[in-house]
Enquirer: 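One structure follows; several queries about it will come next.
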Amino acid sequence: MTAAAVTSCNPVLVQSRKQQGLPHSVVSWRFSPSSPFATTRAPSRATSRRASRRPLRVAAFVNPKPTVLVTDNLGEAGIDLLKRYANVDCSYDLSLEELCAKISLCDALIVTGGTKVTREVFESSGGRLRVVGRVGVGIDNVDVAAATEHGCLVVNAPTADTVAAAEHGIALLTSMARKIAQADASMKAGKWQRSTFLGVSLLGKRLAVMGFGRVGSEVARRAKGLGMNVIAHDPFAPLDRARAIGVDMVSFDEAIATTDFISLHLPLTPATSKMFNDVTFSRMKRGVRIVNVARGGVIDEEALLRALESGIVAQAALDVFTEEPPPEEDKLVRHRNVTVTPHLGASTMEAQEGVAIEIAEAVIEALKGELTATAVNAPMLSMEVISELSPYVEIAEKLGRLAVQLVSGGTGIRSVRIYYGSAREHDDLDTHYLRAMIIKGLVEPTSSVFVNLVNADFVAKQRGLRLTEEKVSLDGSPENPIEYIQVQIANVESKFASAISDSGEISVEGRLKDGKPHLTKVGSFRVDVSLEGSLLLCRQVDKPGMIGKVGSILGKENVNINYMSVGRIAPWKLAVMTIGVDEEPSREALRKIRELQDVEEFVLLKL
Ligand SMILES: NC(=O)c1ccc[n+]([C@@H]2O[C@H](COP(=O)([O-])OP(=O)(O)OC[C@H]3O[C@@H](n4cnc5c(N)ncnc54)[C@H](O)[C@@H]3O)[C@@H](O)[C@H]2O)c1
Ligand SMILES: O=C(O)[C@H](O)COP(=O)(O)O
């Protein structure tokens, strides 16, 4: 047995080979609280028992259909799709107060760029909001950090408006070069000014595409078709994509200093905010022409105005603005050398229908608990990985629950070690989901925080939990992804001293047996008990009659034992008895067991 591949609580994923390119259709979680995105707590035992006798899933009878709030105009095709699965509330133009008032009744929210989904919205949702769908690409109007903290998934519809945005960029480029908008306005004002609107040709001119993602690369492809010499700047884009289109990737400085046209296709992030400012404009070729169909905030608009006045920038064509709509008397909008459109990049019939369908599908998938490919703030786990790991999810959460209940004191839980025994190659075991469920088990019993796949790492970090994971290589068949999971809490005292392993940590281990989760080790004691109902852990002198004495106390109380095992160091010395019970014994019964002669310590743990 060798320990290796230590990873810490880190959202960066190790992609398994099996994760690549597999279909997304294996399992669904619907409203089950075991959904990776479920934001509700697991039901009480009484509720679970009632529910298990009914054909409906646990939460399905609490809320048979999810409610989706749509706050900006969404294409009919998307609304129709949503209605097949959810109650759809289309309430447009809500104020922030109105949105906050409604949100606690909604499972999903769908917005375009027109609604600001701020921290207050997540705080007002009371944990019910499970997914925010952004119609389109830009998620700069959604507070993604707040969404993550609240365990709310954010999905977008990033592909359906790419061509529309690229076409709009080209439309602005060509109409700017030929002053189409100005000429149109002049004719409509009754004039005929043929010599006023002298344009520039695009053929052979140099165009710098800033941001070579979906839209940027489509703009580049089209500009090449117009005979332009296209270069691009994007430190994160794959070089082969550029090579395939015949575009040279260059540094930022080279891109801005040498070109006749600059087209912006960057996301708005802290790094790109006001990236085009007095300093960058001053380094541009005099007479440069700029197109922006990305986000207004990447340009310092006052600096652009100064650059236009000084002649550094000859013309600008803008579809997007820092403030939308811009103020009425905005000097940039009114500038003679600026062509503007009111954020129309995605405004084609085809794109609007496409994004409506794309977002409706993504939101429905997310509500079903399926991982959607366009999730912005969740790890990219394929459905195959989720499906394969789902039998271990229950073990993971329950081991977390058991371990935390065993803590009695110390400095608070700071250091948690997780061991995964597996015959798989290290890079073929993605533990993200299991780690999230262990964190859920550790945190939820002692707090009001809801933990799911989206917010688990954040919650752990916020609570100062340092998690380390080790994959332990085992011989055997790699058929099963995991042989056992062990959760250890270091530097704490335990209310059940036998749960402290030889190395000094509270330690619990579980594995699947006949498809059912079992507790297989407590501290240094081997045990075997099914992880269901409640557990009694009892350390006693190993001698005849002890099992019978405990069993008869429980029997008199009509408490059904579902599983039991005894693990011992050596005959006639100490033993640890683990008893799984369907009903929770009364205090009196627990007292009687605790007071039995030869019982050294005893604890009741709830799963
Ligand atoms: N006007 C509209 O209606 C409209 C429509 C669609 C998209 N958009 C906007 O266009 C932009 C691009 O969209 P997309 O779908 O192509 O996104 P994308 O994520 O596919 O591409 C963005 C590219 O920018 C690059 N990038 C990020 N930071 C950078 C930096 N600091 N320097 C250089 N490159 C950087 C990324 O590597 C990525 O390749 C987004 O801002 C989006 O919101 C606007
Ligand atoms: O980010 C996008 O996809 C576009 O800017 C469209 O945004 P909108 O939905 O606000 O028009």
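Both counts, for ligands and for their atoms, begin at 1 and track the order of listing. One-based numbering along the sequence shown.
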Enquirer: Quick one: closest heavy-atom pair of Val293 and His265, and the distance?
Expert: CG2-CE1, 3.4 Å
Enquirer: For Phe212, is there any backbone N or O sitting under 3.5 Å from a side-chain donor or acceptor partner on Asp234?
Expert: yes
Enquirer: Give the residue and atom name of whichever protein heavy atom lies nearest to atom 7 (C) of ligand 1, and the separation in Å to one decimal.
Expert: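 For atom 7 (C) of ligand 1, the nearest protein heavy atom is Val137 CG2, 3.7 Å.
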Enquirer: For ligand 2, which atoms, with element, lie under 4.0 Å from some heavy atom of Gly136?
Expert: 3 (O)
Enquirer: So which of Lys285, Arg206, Arg289 actually passes side chain to side chain donor-acceptor pair (under 3.5 Å) with Asp260?
Expert: Lys285
Enquirer: Is Arg214 salt-bridged to Glu218, going by a charged N under 4.0 Å from an acidic O?
Expert: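 Looking at Glu218 together with Arg214, the answer is no, because their closest N to O distance does not fall below 4.0 Å.
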Enquirer: How close does the nearest protein non-hydrogen atom get to atom 13 (O) of ligand 1, and which residue and atom is it?
Expert: Val215 CG2, 3.8 Å
Enquirer: Would you check, one step at a time, whether the test side-chain contact (heavy atoms from CB on, under 4.5 Å) holds for Ile290 with Phe276?
Expert: CA-CA 10 Å; Ile290 295 179; Phe276 297 87; 5.7 Å; no
Enquirer: When you compare ligand 1 with Asp319, is there at least one nitrogen or oxygen pair between them that comes in under 3.5 angstrom?
Expert: yes
Enquirer: What are the atoms of ligand 1, with element, lying closer than 4.0 Å to any heavy atom of Ala346?
Expert: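 Answer for ligand 1: 3 (O).
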Enquirer: Would you mind running through ligand 1 and noting each atom that sits below 4.0 Å from a heavy atom of Gly211?
Expert: 24 (O), 34 (N)
Enquirer: Pick one of side chain, backbone, both or neither for how Pro267 approaches ligand 1, counting any non-hydrogen atom pair under 4.0 Å.
Expert: both
Enquirer: Using 4.0 Å as the upper bound for N to carboxylate O, is an ion pair formed by Glu301 and Lys274?
Expert: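 Not counted as a salt bridge, because no side-chain N and carboxylate O are separated by less than 4.0 Å.
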Enquirer: List every atom of ligand 2 that sits less than 4.0 Å from any heavy atom of Val137, numbering the atoms from 1 in the order shown and giving each element.
Expert: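 Heavy-atom distances to Val137 below 4.0 Å select 1 (O), 2 (C), 3 (O).
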Enquirer: Is it true that Pro235 lies under 4.0 Å from ligand 1, counting heavy atoms only?
Expert: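 Pro235: in contact with ligand 1 (<4.0 Å).
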Enquirer: Does the Thr259 side chain pair with the main chain of Ala255, one donor and one acceptor, at a distance under 3.5 Å?
Expert: yes
Enquirer: Check whether NZ of the Lys or CZ of the Arg Lys368 lies under 6.0 Å from the centre of the six-membered ring of Tyr85 and within 45 degrees of that ring's axis.
Expert: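 Yes, a cation-pi geometry holds between Lys368 and Tyr85.
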Enquirer: Which of the atoms in ligand 1, numbered in the order shown and given with their element, are less than 4.0 Å from a heavy-atom of Phe212?
Expert: 39 (O)
Enquirer: Where is the nearest protein heavy atom to atom 5 (O) of ligand 2: which residue, which atom, and how far?
Expert: His343 NE2, 2.6 Å
Enquirer: With atoms numbered from 1 as shown, which atoms in ligand 1 lie under 4.0 angstrom from a non-hydrogen atom of Gly345?
Expert: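 Counting atoms of ligand 1 from 1, those under 4.0 Å from Gly345 are 1 (N), 2 (C), 3 (O).
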Enquirer: Would Ala237 count as being in polar contact with ligand 1, using the rule that some N or O on each side must be under 3.5 angstrom apart?
Expert: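 Not met; the criterion fails.
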Enquirer: Phe281 versus Leu304: any side-chain heavy-atom pair under 4.5 Å?
Expert: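 Of all side-chain heavy-atom pairs linking Leu304 with Phe281, at least one is under 4.5 Å.
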Enquirer: Among all the protein's non-hydrogen atoms, which is closest to atom 9 (O) of ligand 2, and how far away is it?
Expert: Arg134 NH1, 3.0 Å
Enquirer: I'd like to check which ligand 1 atoms, numbered from 1 as shown, lie under 4.0 Å from a non-hydrogen atom of Met275.
Expert: 31 (N), 32 (N)
Enquirer: Give the residue and atom name of whichever protein heavy atom lies nearest to atom 44 (C) of ligand 1, and the separation in Å to one decimal.
Expert: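 Here the closest protein heavy atom is Val293 O, 3.0 Å.
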Enquirer: Give the atoms of ligand 2, by number and element, whose distance to some non-hydrogen atom of Val135 is under 4.0 Å.
Expert: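 Matching atoms, with element in brackets: 9 (O).
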Enquirer: Considering heavy atoms of the protein only, find what lies nearest to atom 12 (C) of ligand 1 and give residue, atom and distance to 0.1 Å.
Expert: His265 O, 3.4 Å
Enquirer: Distance-only, no hydrogens or angles: does the Asn452 side chain make a donor-acceptor pair with backbone N or O of Gly151 under 3.5 Å?
Expert: yes
Enquirer: Judged by atom type as modelled, is there a donor-acceptor pair below 3.5 Å linking the side chain of Glu358 to the main-chain atoms of Thr159?
Expert: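 Confirmed, Glu358 side chain pairs with Thr159 backbone.
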Enquirer: I want to check something: taking the side chain as every heavy atom from C-beta on, are Val363 and Ile110 in contact at a cut-off of under 4.5 Å?
Expert: yes
Enquirer: For ligand 2, indicate whether the residue His168 contacts it via side chain, backbone, both or neither (heavy-atom separation under 4.0 Å).
Expert: neither
Enquirer: Can you tell me which residue and heavy atom of the protein come closest to atom 10 (O) of ligand 1, and the distance to 0.1 Å?
Expert: Ala294 CA, 3.6 Å
Enquirer: Any N or O of Gly114 that comes nearer than 3.5 Å to an N or O of ligand 2?
Expert: no
Enquirer: Should Asp161 be counted as touching ligand 1, given the test is an N or O pair under 3.5 Å?
Expert: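 Such a contact does not occur with ligand 1.
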Enquirer: Would you say Lys179 and Gln315 make side-chain contact, with heavy atoms under 4.5 Å?
Expert: yes
Enquirer: For the pair Arg128 (side chain) and Leu105 (backbone), establish whether a donor and an acceptor sit closer than 3.5 Å, ignoring hydrogens and angles.
Expert: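 Present.
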Enquirer: With backbone taken as N, CA, C and O and side chain as the heavy atoms from C-beta onward, which portion of Leu266 lies under 4.0 Å from ligand 1: side chain, backbone, both, or neither?
Expert: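 Both the backbone and the side chain of Leu266 come within reach of ligand 1.
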Enquirer: With heavy atoms under 4.0 Å as the rule, classify the contact between Met210 and ligand 1 as side chain, backbone, both or neither.
Expert: neither
Enquirer: Going by distance only, is there an N or O of Arg214 that falls short of 3.5 Å from an N or O of ligand 1?
Expert: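 It does: an N or O of Arg214 is found under 3.5 Å from an N or O of ligand 1.
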Enquirer: Does the Thr272 side chain pair with the main chain of Met275, one donor and one acceptor, at a distance under 3.5 Å?
Expert: no
Enquirer: Output yes when a side-chain donor or acceptor of Asn377 lies under 3.5 Å from a complementary backbone atom of Cys152, and no otherwise.
Expert: yes
Enquirer: Quick one: which of Arg241, His343, Arg295 has a heavy atom closest to atom 3 (O) of ligand 1?
Expert: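 Residue with the shortest heavy-atom distance to the ligand atom: His343.
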Enquirer: Polar contacts were defined as any N/O atom of the residue lying under 3.5 Å from an N/O atom of the ligand; does this apply to Asp140 and ligand 1?
Expert: no
Enquirer: Identify, by atom number and element, the atoms of ligand 1 in contact range of Gly138, meaning under 4.0 Å from any of its heavy atoms.
Expert: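 Under 4.0 Å from Gly138, ligand 1 has these atoms: 43 (O).
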Enquirer: Thinking salt bridges, do Asp107 and Arg130 make one under a 4.0 Å N-O criterion?
Expert: yes
Enquirer: Answer whether the closest heavy-atom distance between the side chains of Lys116 and Leu96 falls below 4.5 Å.
Expert: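 Sidechains of Leu96 and Lys116: no contact.
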Enquirer: Is it the side chain (CB and beyond), the backbone, both or neither of Arg295 that lies under 4.0 Å from ligand 2, heavy atoms counted?
Expert: side chain
Enquirer: Quick one: look at His168 and ligand 1, take heavy-atom pairs under 4.0 Å, and tell me if it's side chain, backbone, both or neither.
Expert: neither
Enquirer: Could you say whether the N/O atoms of Gly113 and ligand 2 ever approach to under 3.5 Å?
Expert: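 Between Gly113 and ligand 2 (N or O atoms, distance only) the closest approach is under 3.5 Å.
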Enquirer: Heavy-atom distances under 4.0 Å are what count here, so tell me which part of Phe252 touches ligand 1: side chain, backbone, both or neither.
Expert: neither
Enquirer: Report the nearest protein non-hydrogen atom to atom 21 (O) of ligand 1: residue, atom name, distance rounded to 0.1 Å.
Expert: Gly213 CA, 3.3 Å
Enquirer: Any idea which protein heavy atom is nearest atom 28 (N) of ligand 1, and the distance to it?
Expert: Phe236 CE1, 3.6 Å
Enquirer: Got the closest protein heavy atom to atom 36 (C) of ligand 1, with its distance?
Expert: Asp234 OD2, 3.3 Å
Enquirer: Which ligand 1 atoms are under 4.0 Å away from a heavy-atom of Ala165?
Expert: 5 (C), 6 (C)
Enquirer: Side chain of Asn141, backbone of Thr115: donor and acceptor closer than 3.5 Å?
Expert: yes
Enquirer: Side chain or backbone, does Val320 bring an N or O within less than 3.5 Å of an N or O on ligand 1?
Expert: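 In fact, backbone or side chain, Val320 has no N or O that close.
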Enquirer: Would you call Thr431 and Lys471 a side-chain contact if the rule is heavy atoms closer than 4.5 Å?
Expert: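 Thr431 reaches Lys471 side chain to side chain.
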Enquirer: Between Glu254 and Met249, is any pair of side-chain heavy atoms under 4.5 Å apart?
Expert: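 Contact flag for Glu254/Met249 side chains = no.
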